[in-house]
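Okay, structure first, notes after.
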Amino acid sequence: VQLQASGGGLVQPGGSLRLSCLASGPTFSTYTMGWFRQVPGKEREFVADIGWNGGSKYYGDSVKGRFTISRDNAKNTMSLQMNNLKPEDTAVYYCAADGKPPFLVQRHGADYWGKGTLVTVSS
């Protein structure tokens with residue numbers, strides 16, 4: 001599976017951004033997909049993930065109620081709608097995929113990673 005994330009940029013606090021991840025490979029629809037983020041010098045942080053059929057979704061505590069993850073298996077895409085963004089959301093966001101269930105990806109990370117996209121929240 002190859003992953004390509006897009007949609008990052010500069011946004012003011014309280015604003016919104018939508019990240020997208022385009023996946024290649026015939027098994028996309030069977031994989032858990034997720035987002036992680038990392039600030040230089042800090043550990044990678046789980047953001048959200050979604051099960052193969054969209055039925056299971058998990059969110060990191062810091063983004064619950066503000067971010068929404070979704071996927072479209074027909075288009076091999078996954079999205080992260082980010083609302084009410086805060087300066088502490090500033091990070092490089094990485095798209096990830098794995099054959100494990102979402103709760104395990106949340107805990108242990110993923111096997112496949114895309115290049116990150118930078119999100120900067122600043123006035």
Given the rule in the side chain to side chain contact (heavy atoms under 4.5 Å, CB included) test, do Arg37 and Val63 qualify, once you have shown the distances and angles that lead to the verdict? CA-CA 11 Å; Arg37 66 187 183 187; Val63 307; 3.9 Å; yes
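- To the nearest 0.5 Å, atoms OH (Tyr93) and OG (Ser6) are separated by 15.0 Å.
- No chain of hydrophobic side-chain contacts below 4.5 Å, direct or via other Ile, Leu, Val, Met, Phe, Trp or Tyr residues, connects Trp52 to Ile50.
- Under the 3.5 Å distance criterion, the side-chain polar atoms of Asp98 are matched with a main-chain donor or acceptor of Asp111.
- Residues Val47 and Tyr112 share a single hydrophobic cluster, defined by chaining ILVMFWY side chains whose heavy atoms lie under 4.5 Å apart.
- When all heavy atoms are compared, the tightest approach of Thr117 to Leu19 is CG2-CD2, 4.0 Å.
- Contact check on Asp61 versus Lys64 returns a salt bridge, with a Lys/Arg side-chain nitrogen under 4.0 Å from an Asp/Glu carboxylate oxygen.
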As a quick check of understanding, evaluate side chain to side chain contact (heavy atoms under 4.5 Å, CB included) for Glu88 and Ser62, giving each step before the final call. CA-CA 9 Å; Glu88 51 264 41; Ser62 62; over 6 Å; no
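- The minimum heavy-atom distance linking Ala97 with Ala110 is given by the pair O-CB, 3.4 Å.
- Residues Leu118 and Val121 do not share a hydrophobic cluster, clusters being chains of Ile/Leu/Val/Met/Phe/Trp/Tyr side chains in contact below 4.5 Å.
- Note that Arg71 lies outside the cation-pi zone of Tyr31, set by a 6.0 Å cut-off to the ring centre and a 45° limit from the axis.
- No continuous path of ILVMFWY side-chain contacts below 4.5 Å connects Phe36 to Val119, so the two sit in separate hydrophobic clusters.
- A donor-acceptor pair is defined here as one N or O able to donate and one able to accept, closer than 3.5 Å; no such pair exists between the side chain of Ser123 and the backbone of Gln12.
- Within 6.0 Å of CD on Gln38 lie more than 12 heavy atoms contributed by other residues, nucleotides or ligands.
- With Thr68 contributing its side chain and Gln81 its backbone, the two residues share no donor-acceptor pair below 3.5 Å.
- In this structure a side-chain-to-backbone donor-acceptor pair under 3.5 Å is present from Tyr59 to Ile69.
- Taking each heavy atom of Asp89 and Arg66 in turn, the nearest pair found is OD2-NH1, 2.7 Å.
- Shortest non-hydrogen contact noted between Ser20 and Trp35 is O-CH2, 3.6 Å.
- Judged by distance alone, the side chain of Asn73 and the main-chain N or O of Asn53 form no donor-acceptor pair under 3.5 Å.
- We find the OG-CG distance between Ser29 and Asn76 to be 7.5 Å, quoted to the nearest 0.5 Å.
- Here OG of Ser70 is found 6.5 Å from NZ of Lys57. Values are rounded to the nearest 0.5 Å.
- Atom CG of residue Asp49 and atom SG of residue Cys95 lie 11.5 Å apart, to the nearest 0.5 angstrom.
- Heavy atoms only, all atoms of each residue included: Ala91 and Val39 are closest at CB-CG2, 3.8 Å.
- When all heavy atoms are compared, the tightest approach of Tyr94 to Trp113 is CB-CE3, 4.0 Å.
- Distance check: Thr90 OG1 to Leu10 CG gives 8.5 Å after rounding to the nearest 0.5 Å.
- In the hydrophobic clustering of this structure, Val105 does not group with Met33; members are Ile, Leu, Val, Met, Phe, Trp, Tyr whose side-chain heavy atoms approach within less than 4.5 Å, directly or through other members.
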